[in-house]
Amino acid sequence: MSSHARGRPPRQDTQLATPDEEGRYPELVNSIVGAASFVGALLLYAGYIYTNAYFGYFHLDTFAVGFDTFELIVRSLRLATLPALGSLTLALLVPGLLRIVARLSLPDRYGRWLRRVGVAAARCYLAFVGFGVILMLAWRWIQPVNWLAPLLVAIGLLLGRTQAAAPAGGSHSSTWERSMSLLVAGLFLIWMVALVAGQLGRQDARHDADQLVRRVSVVVLSTDRLSISSPGLVVEDLGRGVHYRYRYSGLRLLVERDHRYYLLSLGWHKNTDPTIVIEDDDSTRIELRPGTQPRRPPGR
């Protein structure tokens, strides 16, 4: 009696995954996890460099203020507006550009021209490295685009690992050489990110210091006289019958962490004026008010 007559379902042929396909999935997962780990560490590092440069301008240390990991990563997203982020992405894609060009459906003449340009660029990888080294030697004269030096070195090292960079009939480099080149290129890319993050942090700090009047206004009320003085600080004695007798105004909020208010007085100057730290406890009261806003044109 056939299997159909006995009520059994017909046998279906199942296609089993080949050993190559089975080994491909763990490799893909490992690649994704590795890339995500590298990006996460890079964001954390960039966030720390940016935050340290920003608050260092106001005489503060990042660890003393106490930012957590999530805040550092969020602050690192400020770098997403820079052209250097696009340059970083381009540097990471350099090893696969020639393969991408080969797969494009372009006319033969354009495809051949692009391949020749790509091969020529790959074989001139030492020129990229050399030009980057020259820029490093001229470090003090290439501000504020000093991040170009490590970027060029990284691009040259990545180009040197492509197949197009190898001369015809030449011997292939060993796995150790390729690994070392990629490691050094990654270190130069991290250095570039650090330079960009530090430069952007100081730039934003200078801008905020120049526009200090627009930040949140702070009024400090205290039962006892506080030993603080700074240009632009206004101190008032409200009389003995008032619980919070002393009133301090003319302050702007820089940041608040764990009931500590880091304040700057109006007219604050980096080289001469302090950053005031007030702890919110039973002897003080902190009032936050809107800062001065830019004037709007009539009719808006």
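For the atom pair OH (Tyr248) and OG (Ser222), the distance works out to 6.0 Å, reported to the nearest 0.5 Å. Considering CG of Asn52 and CZ of Phe67, their distance stands at 10.0 Å, rounded to 0.5 Å. Taking OH of Tyr50 as the reference point, atom CG of Leu200 lies at 5.5 Å (rounded to 0.5 Å). In this structure, OG1 in Thr284 is found 9.0 Å from OH in Tyr261, a value given to the nearest 0.5 Å. The CZ atom of Arg289 lies 14.0 Å from the CG atom of Leu253; values are rounded to the nearest 0.5 Å. Residue Trp147 holds its CH2 atom at 11.0 Å from CG of Leu135, rounded to the nearest 0.5 Å.
Cation-pi check for Lys270 over Tyr57 is met; the charged atom lies under 6.0 angstrom from the ring centroid and within 45 degrees of its normal.
Residue Val193 comes nearest to Ala46 through the heavy atom pair CG1-CB, 3.6 Å, listed as atom of the first residue, atom of the second, then distance. Across all non-hydrogen atoms, the minimal contact from Ala53 to Gly198 is CB-O, 3.5 Å. In this structure, Val133 and Val153 approach most closely via the heavy-atom pair N-CG2, 4.1 Å. Across all their heavy atoms, Val219 and Ser249 have their closest contact at CG2-CB, 4.4 Å. Residues Ala149 and Trp139 approach most closely at CB-CZ3, 4.2 Å, considering heavy atoms.
Using a 4.5 Å heavy-atom cutoff, the side chains of Tyr262 and Glu256 are not in contact. Side-chain contact between Ile228 and Leu233 is present, with heavy atoms from C-beta onward closer than 4.5 Å. The closest side-chain heavy-atom distance from Thr223 to Asp282 is not below 4.5 Å. Taking 4.5 Å as the limit, every side-chain heavy atom of Arg252 sits out of range of all side-chain heavy atoms of Val218. A heavy-atom distance below 4.5 Å is found between the side chains of Leu251 and Val220. Using a 4.5 Å heavy-atom cutoff, the side chains of Tyr246 and Leu238 are not in contact. By the 4.5 Å heavy-atom criterion applied to side chains, Asp280 and Arg285 are not counted as neighbours. The closest side-chain heavy-atom distance from Leu195 to Pro150 is below 4.5 Å.
Under the 3.5 Å distance criterion, the side-chain polar atoms of Arg245 are left unmatched by any main-chain donor or acceptor of Asp237. No donor-acceptor pair closer than 3.5 Å links the side chain of Ser230 to the backbone N or O of Ser265. Between the side chain of Glu71 and the main chain of Asp68, a donor-acceptor pair closer than 3.5 Å is present. Between the side chain of Trp268 and the backbone N or O of Pro274 there is at least one donor-acceptor pair closer than 3.5 Å.
Using cut-offs of 30° and 60° for the angle between ring planes, the Trp191 and Phe188 rings count as tilted.
Under the 4.5 Å side-chain heavy-atom criterion for Ile, Leu, Val, Met, Phe, Trp and Tyr, Ile278 and Val234 are members of distinct hydrophobic clusters. The cluster map of Ile, Leu, Val, Met, Phe, Trp and Tyr, joined by side-chain heavy atoms under 4.5 Å apart, puts Tyr54 and Ile276 in different clusters. A continuous path of hydrophobic side-chain contacts links Tyr48 to Val255 [ILVMFWY only; heavy atoms under 4.5 Å]. One hydrophobic cluster, built from ILVMFWY side chains closer than 4.5 Å, cannot hold both Ile155 and Ile134; they sit in different ones. In the hydrophobic clustering of ILVMFWY residues, with side-chain heavy atoms under 4.5 Å counting as a link, Leu148 and Leu137 come out apart.
Counted within 6.0 Å of CZ on Arg260, heavy atoms from surrounding residues, nucleotides or ligands total 12 or fewer; the atom is thus considered open.
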Practice task
I would like to know whether Leu254 and Phe55 meet side chain to side chain contact (heavy atoms under 4.5 Å, CB included); could you show each step before the answer?
Solution key: CA-CA 9 Å; Leu254 178 61; Phe55 288 100; 4.1 Å; yes
Problem - Leu263 and Thr275: CA distance, side-chain angles, deciding distance, side chain to side chain contact (heavy atoms under 4.5 Å, CB included) verdict - result: CA-CA 6 Å; Leu263 310 175; Thr275 298; over 6 Å; no
Handout entry: side chain to side chain contact (heavy atoms under 4.5 Å, CB included) evaluation trace for Leu221 with Arg247
Key = CA-CA 5 Å; Leu221 299 170; Arg247 184 177 187 268; 3.4 Å; yes
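Remark: the Asp281 side chain and the Ser283 side chain contain an N/O donor-acceptor pair separated by less than 3.5 Å.
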